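In this text, all values refer to a predicted model and were calculated from it rather than measured experimentally. What's counted below: heavy atoms across the whole structure, side chains too, no hydrogens, waters or symmetry copies.
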Amino acid sequence: MYQFIFNNFFRRIDAETAHKLVSGVLKALPPFAPVLRRFTQPHPALRVRALGTVFPSPFGLAAGFDKNAEEIIGLGALGFGHVEVGTLTKHPQEGNEKPRLFRLVEDRALINRMGFNNGGAAAAAPRIAKARRNKHRPVIGVNIGKSRITPVADAVADYVDSTQRLKHLADYIAVNVSSPNTPGLRGLQEESMLRPLLEAVHAAAESVPVLVKIAPDLDDEQIDGIVALAAEIGLAGIITHNTTIARTGLKTSDAEIERIGAGGLSGKPLADRSLEVLKRVRKAAPENDFVIISVGGVTTADDVIARLNAGADLVQGYTAFIYEGPRWAAKINRELYKRGWRGNV
């Protein structure tokens with residue numbers, strides 16, 4: 001049914017317009033969540049203990065879908081074990097000019113140059129607080145980034161402000177320094193800039209676990225350096241990874257890719273690189289208590305199991321949600337249980 005709706009309705013309209021329509025439905029789901037959970041709730045055997053809390057399932061939704069923390073309960077009711085909201089910034093911002101979200105249907109991929117469009121950390125805080133009061137809520141991650149109007153030289157204060165506003169509401173905080181859609185942001189992955197940023201956020205977060213989200217376009221030496229830095233500072237782990245600026249191996253025509261222009265690529269074409277980065281991070285990471293969340297190119301339960309077997313503690317998806325529809329997370333959870341995968345609780 002969803003494939004029919006996608007091909008005959010969603011595919012015919014602008015991708016961002018379709019996203020807003022779906023978001024409207026998700027915002028309206030909380031009253032129906034108890035009924036939905038009867039069909040979507042992950043089996044208790046899938047529970048995972050990580051980051052000081054218990055996740056109902058190892059599979060969750062990556063940042064970028066629920067940018068303003070408005071859909072947490074609705075998304076949890078669809079079966080996602082955790083929802084990472086954001087990216088949230090200190091200052092509200094409109095993001096980049098439209099159009100800025102594009103489907104690559106043949107590739108089961110997206111290109112976006114959204115630019116951290118969100119209403120700001122302060123506006124999101126009461127919505128996250130409300131979601132936290134729901135006893136059936138998913139685990140809530142909060143992804144924070146640099147405001148566009150903030151100079152790179154002042155980025156630390158910008159991130160710290162968001163951290164202080166949101167730390168008491170987050171089960172974990174993800175520091176986004178790897179989106180390709182905010183000028184200068186990826187430069188924060190350089191050690192000289194990343195160290196003071198992560199040290200400041202880690203201190204401001206107090207007891208809340210902090211992870212840093214990296215780009216897939218880093219080389220092995222850069223990856224190893226960030227892992228070592230995160231471990232030295234005492235971060236809880238790393239999220240591997242954000243969207244890519246690469247355009248290799250796509251079925252979509254070169255002319256169409258050129259027409260779309262700049263932005264981060266996500267979806268199925270990232271699967272191989274995502275697994276490579278995960279394995280590199282796990283190899284470089286400390287053996288104990290260093291959490292890796294793997295994201296990029298995840299579509300099936302086989303993909304999730306492959307990431308878990310390669311050393312991920314948790315796995316996230318996003319792009320396949322657009323193509324697979326509302327039953328996606330529940331289907332993956334059912335398949336994980338059916339295939340004999342079990343958590344650590």
Side-chain angles (χ1 to χ4, degrees), residues 1-29 32-33 35-43 46 57-67 71 73-81 83 99-112 114 138 243 247 249-253 256-257 259-260 263-272 274 295-307 315-339 341:
M1 175 62 78
Y2 178 77
Q3 291 303 317
F4 177 84
I5 295 171
F6 177 83
N7 289 327
N8 291 279
F9 179 62
F10 286 133
R11 190 171 175 176
R12 298 173 184 271
I13 63 176
D14 171 74
E16 190 168 352
T17 300
H19 184 95
K20 287 181 178 178
L21 290 172
V22 172
S23 295
V25 173
L26 288 166
K27 291 174 193 175
L29 279 185
F32 308 99
V35 175
L36 284 172
R37 278 195 296 271
R38 296 177 188 174
F39 304 97
T40 64
Q41 188 171 4
H43 193 283
L46 298 181
S57 157
F59 186 61
L61 186 66
F65 191 94
D66 187 8
K67 292 180 178 295
E71 304 150 33
I73 302 304
L75 289 164
L78 295 183
F80 290 102
V83 175
R100 55 193 181 181
L101 181 63
F102 308 89
R103 303 185 198 92
L104 278 59
V105 178
E106 282 187 280
D107 293 290
R108 310 294 276 187
L110 296 173
I111 291 176
N112 93 83
M114 303 299 287
T243 57
R247 298 289 189 269
L250 298 177
K251 297 177 183 178
T252 304
S253 70
E256 177 64 6
I257 295 300
R259 183 193 70 80
I260 290 171
L265 174 71
S266 64
K268 194 171 182 179
L270 272 71
D272 290 343
S274 182
V295 56
V298 174
T299 302
T300 66
D302 285 338
D303 294 329
V304 175
I305 291 171
R307 306 302 173 86
V315 180
Q316 294 178 343
Y318 173 175
T319 301
F321 189 24
I322 309 302
Y323 294 106
E324 300 294 324
R327 299 174 62 188
W328 180 48
K331 179 182 178 181
I332 283 182
N333 288 328
R334 283 196 298 270
E335 285 295 312
L336 290 177
Y337 181 74
K338 186 177 179 180
R339 292 167 191 246
W341 191 90

The test is ring-ring contact (aromatic ring centres under 6.0 Å, His included); show your working for Trp328 and Phe59 and say whether it passes.
CA-CA 11 Å; Trp328 180 48; Phe59 186 61; 5.1 Å; yes
Residues passing the side-chain hydrogen bond (donor to acceptor under 3.5 Å, both in side chains) test with Asp302, sequence neighbours excluded, are Arg339
Under the side-chain hydrogen bond (donor to acceptor under 3.5 Å, both in side chains) rule, collect the residues that match up with Thr243, sequence neighbours excluded.
none
Can you find a pair of side-chain heavy atoms, one from Leu250 and one from Leu265, that are under 4.5 Å apart?
yes
Looking only at non-hydrogen atoms, find the nearest pair between Pro269 and Ser266 and report the distance.
CD-O, 4.5 Å
Would you say the side chain of Val295 lies within less than 4.5 Å of the side chain of Tyr318, judging by non-hydrogen atoms?
no
Roughly how far, to the nearest 0.5 Å, is CZ of Phe102 from CZ of Arg259?
6.5 Å
Got a sec: does the OH of Tyr2 have more than 12 other heavy atoms crowding it under 6.0 Å?
yes
Under 3.5 Å, side chain of Asn112 to main-chain N/O of Arg100, donor-acceptor pair present?
no
Residues, nucleotides or ligands: over 12 heavy atoms within 6.0 Å of Lys67 NZ:
yes
Working to the nearest 0.5 angstrom, can you tell me the gap between Thr252 OG1 and Ile257 CD1?
5.0 Å
Gap separating the CD atom of Glu256 from the CD1 atom of Ile260, nearest 0.5 angstrom
4.5 Å
Smallest heavy-atom separation, Phe39 atom then Arg334 atom, equals O-NH1, 3.8 Å
Working to the nearest 0.5 Å, report the span between CD of Glu335 and OG1 of Thr300.
9.0 Å
Can you tell if the side chain of Thr319 reaches within under 4.5 Å of the side chain of Arg108, non-hydrogen atoms only?
no
Counting N and O atoms only, with roles assigned by atom type, does the side chain of Asn333 sit under 3.5 Å from a partner on the main chain of Pro42, one being a donor and the other an acceptor?
no
How far apart are the closest heavy atoms of Asp303 and Gly297, and which atoms are they?
OD2-O, 3.8 Å
Test log, rule side-chain hydrogen bond (donor to acceptor under 3.5 Å, both in side chains), inputs Ser274 and Arg307:
CA-CA 9 Å; Ser274 182; Arg307 306 302 173 86; 2.8 Å; yes
Are Glu16 and Lys20 close enough that some pair of their side-chain heavy atoms sits under 4.5 Å apart?
yes
Close side-chain approach of Phe10 and Ile322, heavy atoms under 4.5 Å
no
Backbone N or O of Ala77 within a donor-acceptor pair of the Thr40 side chain at under 3.5 Å?
yes
Can you find a heavy atom in the side chain of Ile73 that is under 4.5 Å from one in the side chain of Leu29?
no
Do Glu324 and Thr299 have side-chain N/O donor and acceptor atoms under 3.5 Å apart?
no
Asn7, CG: over 12 other non-hydrogen atoms inside 6.0 angstrom:
yes
Would you call the rings of His43 and Tyr337 parallel, tilted or perpendicular if under 30° counts as parallel and over 60° as perpendicular?
parallel
Side-chain heavy-atom pair Leu110, Leu104 within 4.5 angstrom cut-off:
no
Taking every non-hydrogen atom, the tightest pair across Gln3 and Tyr323:
NE2-O, 2.7 Å
When rounded to the nearest 0.5 angstrom, what is the spacing between CD in Glu71 and CG in Leu26?
5.0 Å
Under a 3.5 Å distance rule, please check whether Ser23 uses its side chain to pair with a backbone N or O of His19 as donor and acceptor.
yes
May I ask you to test the Gln316-Phe80 pair for a side-chain heavy-atom distance under 4.5 Å?
no
Got a second to check how far Arg37's CZ is from Leu78's CG, nearest 0.5 Å?
11.0 Å
